[in-house]
Number of protein chains: 2
Amino acid sequence: MGGPRKNTNRLRAPSASIRDVAQRAGVSIATVSRTVNGISTVAPDLAERVWNAIREVGYVPNTQARALVSGRSRLLGLVVSEITNPFFPELVQEFENLAVEQGYEVFIGSTNYDPARTETLVRRMLQRSVDGVAIMTFGIEQELIQKLVDRAFPMVFVDSGPDMPNIRVLKVDYGEGIREAVQHLAALGHRKIAFISGPLHMRSAVARRDAFLKSMSELGLTVPGEHIIEGTHTMEGGIRATESLLQLGEMPTAIVCSNDMTAIGVLHGLHRTTHEVPDDVSVIGFDDIHLTQFVLPPLTTVQMSCKHLAAAAIQALRAGIEPDLPHAQQTEWQIPTRLVVRQSTSFPRGSLPALAKTRLTSRRSAAKV
Amino acid sequence: MGGPRKNTNRLRAPSASIRDVAQRAGVSIATVSRTVNGISTVAPDLAERVWNAIREVGYVPNTQARALVSGRSRLLGLVVSEITNPFFPELVQEFENLAVEQGYEVFIGSTNYDPARTETLVRRMLQRSVDGVAIMTFGIEQELIQKLVDRAFPMVFVDSGPDMPNIRVLKVDYGEGIREAVQHLAALGHRKIAFISGPLHMRSAVARRDAFLKSMSELGLTVPGEHIIEGTHTMEGGIRATESLLQLGEMPTAIVCSNDMTAIGVLHGLHRTTHEVPDDVSVIGFDDIHLTQFVLPPLTTVQMSCKHLAAAAIQALRAGIEPDLPHAQQTEWQIPTRLVVRQSTSFPRGSLPALAKTRLTSRRSAAKV
DNA sequence: AATGGCGGCGGAAACGTTTGCCGGTCCGCT
DNA sequence: AGCGGACCGGCAAACGTTTCCGCCGCCATT
């Protein structure tokens, strides 16, 4: 038969196990387990002995074994489009902070807009047996969804997901922030306001464009067709869109963009052609990524709070994982948006009240006077 | 005694296990395991049967169980300073791509420069029993290192780590790129070149500053003390440093910065005071973060290749994990740096050859002429 | 034709937990 | 004093793998 086989072929010397602790404390491993997990049926003095023993042998519970037997990994999947898109690191950061606070770890993956990659990404997450996945890609492929839903997997989507049990959705209220943006421009005196959208196969891009049109018509402002341009949610798209706007007979005095990268492209496009922002044209972005504070001039933009988004995502995931949490039945979470005014918006050229000019124009042109 | 207990209290119905496959294929679980792991002693026809069975029951190996018994998690830890610092997402991206390619997963965590957070981060990584950790924080606390080294843990550091077995170091060759930067400026005619360093308690910041001084003296150029300013590797630090440079009697005609965020701060500082870049002052950054392409003007900077860094980190980690890899004995990896010329550098004001002016000056001022 | 070697497969132990079940102790009630 | 029950701790099964060891049969050699 041969005696017990111990630790052959292991990579490193194993660390202390629950058995070592039990031996040292003079209790059974069951008691150690219960102590570690805070189960109240352990007598205080025993618990004390166990904790001491744990400290002495430097015991760290083995997560793999835990997950294996309990069937839960305390791991949350977070799927983003691309981690190098500046919006996402901030989301990741918030998400991670909150997850750790609540005793979870985060398994991050980016799809890079590649379906094959997305496919393997999800497979990897399943293999690591995550307890739930937040899909924060703002536009996700349907077959992938199907695959996950089949396993009755707790999931969270942004904007819209399939209408199925165990699917929770974070509804971003694009209208709110965009209305603020339009009203801000209108209050400054702008009437001719253009909009550069995202790629229109993305639902969130359509939602943003429609919110813009709605806000304009609420104010009785009309938008000629050539003032609505489809962009790509990238800087290049913003530059190209700017170029086509510049060729128009009637230039708009303000441009609202479907995301910040587009707005930054607009800034570059205008800079190349020696138009000043905000003196010649006002520009507003969307997302409030970190970068907006660093461009020149700092960008006025609509903020979708990462904090809110992350917090809601985690709450929604936990609702799917732990059935007796207070929010377990909730299936929708509202995410607010709001305008953040920086220095890329001002009065339209010509309409500038003399008094306000010295106060409100950008520091750069003020200094030049 | 009671019969076998099955699946009480599990969160979800378990997926097919190796036993289901074995039963379906009419072989033992050992054979299934060998087939899945590509061990060659399995007869081709049996392997065929096993693969079919796997497909039929939709078997996915359980990573937890695998890791538990094999002692290896195929998980790599990646510790960065802060994920929202634009340099890191790009590193993370490369690292993840390469890791997945080589059959590993990545467990990311950011320290946010907080020792307590770092401490728990490492503890979490140990609990998840990662196979190795890459510490890419460019300046790490010593006690943390000690803690990890005690467990003979495969680790990779940047710039410098403790001199111990199982520690591998990625040596960034700051000198190379900074010499290129200085020579580029000198070639354009600059003689008075200032340097804004990072916080000098960071070794990498000191290394960069020293590389600058060395490159200057190689060209016979002297640097007055007030032209070396300690910054903070942040935009604010760059702005402040610019302000103090502006108060000097003799302004430098070019500023080299210890990282890109500082350089962007310099851009803002100069913009506020109506100095033109590059016409009045040339600016060079370091890191080549994504952002540098989006600021105005696009920043000339020294690139430390993320690709190189990530590839070397993974190779070094694997060297520590799999002892019979070709690089297993190597303990140092060289990371090259090189200058990327964009539009924030030009001739010093006044020294500009008339012919070159129209070609080399920034597009903005050219258009104004 | 018997024997030795070897290739290939199966049995079963081990990894480190969680947890159902059971047995012991002690207290309070009758 | 005897009994019931609450409480608490230990035993051992189970989670899903990997891998050691042993067995069986086939082929080649003597």
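Computed from a prediction, not measured in an experiment: that's the story for all the values here. Chain A is the first sequence line, chain B the second, and so forth, proteins listed ahead of strands; every chain is numbered from 1.
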Nucleotide nearest Val42(A) when distance is taken to its side chain, options dG16(C), dC9(C), dG9(D) | dG9(D)
With sequence neighbours excluded, what pairs up with Arg318(A) under the salt bridge (Lys or Arg N to Asp or Glu O under 4.0 Å) test?
-> Glu322(A)
For Lys307(A), enumerate each residue passing the salt bridge (Lys or Arg N to Asp or Glu O under 4.0 Å) test, keeping only those at least two apart in sequence or located in another chain.
-> Glu94(A)
Please list, by residue number, the residues of residues 28-39 of chain A whose heavy atoms come closer than 4.0 Å to an atom of DNA chain D; answer none if no residue qualifies.
-> Ser28(A), Ala30(A), Thr31(A), Arg34(A)
Atom of Val57(B), atom of Ala16(B) and distance for their closest heavy-atom approach | O-CB, 3.5 Å
Identify, with sequence neighbours excluded, every residue that meets salt bridge (Lys or Arg N to Asp or Glu O under 4.0 Å) alongside Arg124(A).
-> Glu96(B), Glu105(B)
How long is the line joining CD1 of Ile54(A) and P of dG16(C), in whole Å?
-> 16 Å
For Glu56(A), the salt bridge (Lys or Arg N to Asp or Glu O under 4.0 Å) test, sequence neighbours excluded, returns Arg24(A)
Quick one: side-chain contact (heavy atoms from CB on, under 4.5 Å) partners of Ser28(A), sequence neighbours excluded?
-> Ala30(A), Thr31(A)
Who are the side chain to side chain donor-acceptor pair (under 3.5 Å) partners of Arg19(B), not counting sequence neighbours?
-> none
From the options dC9(C), dT17(C), dT18(D), select the nucleotide whose nearest atom is closest to the side chain of Ile18(B).
-> dT18(D)
What nucleotide among dC9(C), dG9(D), dT17(D) has an atom nearest to a side-chain atom of Leu46(A)?
-> dG9(D)
Using side-chain contact (heavy atoms from CB on, under 4.5 Å) as the criterion, list what pairs up with Glu90(A), not counting sequence neighbours.
-> Ile289(A), His290(A), Cys306(A), Thr84(B)
Starting from C1' on dA14(D), measure out to CZ on Arg66(A) and report it in whole angstrom.
-> 17 Å
Closest of dC15(C), dG8(C), dT18(C) to the Leu68(B) side chain is dC15(C)
Select one nucleotide: of dT18(C), dG10(D), dT17(D), the one nearest the side-chain heavy atoms of Arg19(B).
-> dT17(D)
Given axes from five pairs at either end, by how many degrees does the helix from dA1(C)-dT30(D) to dT30(C)-dA1(D) bend, rounded to 10°?
-> 50°
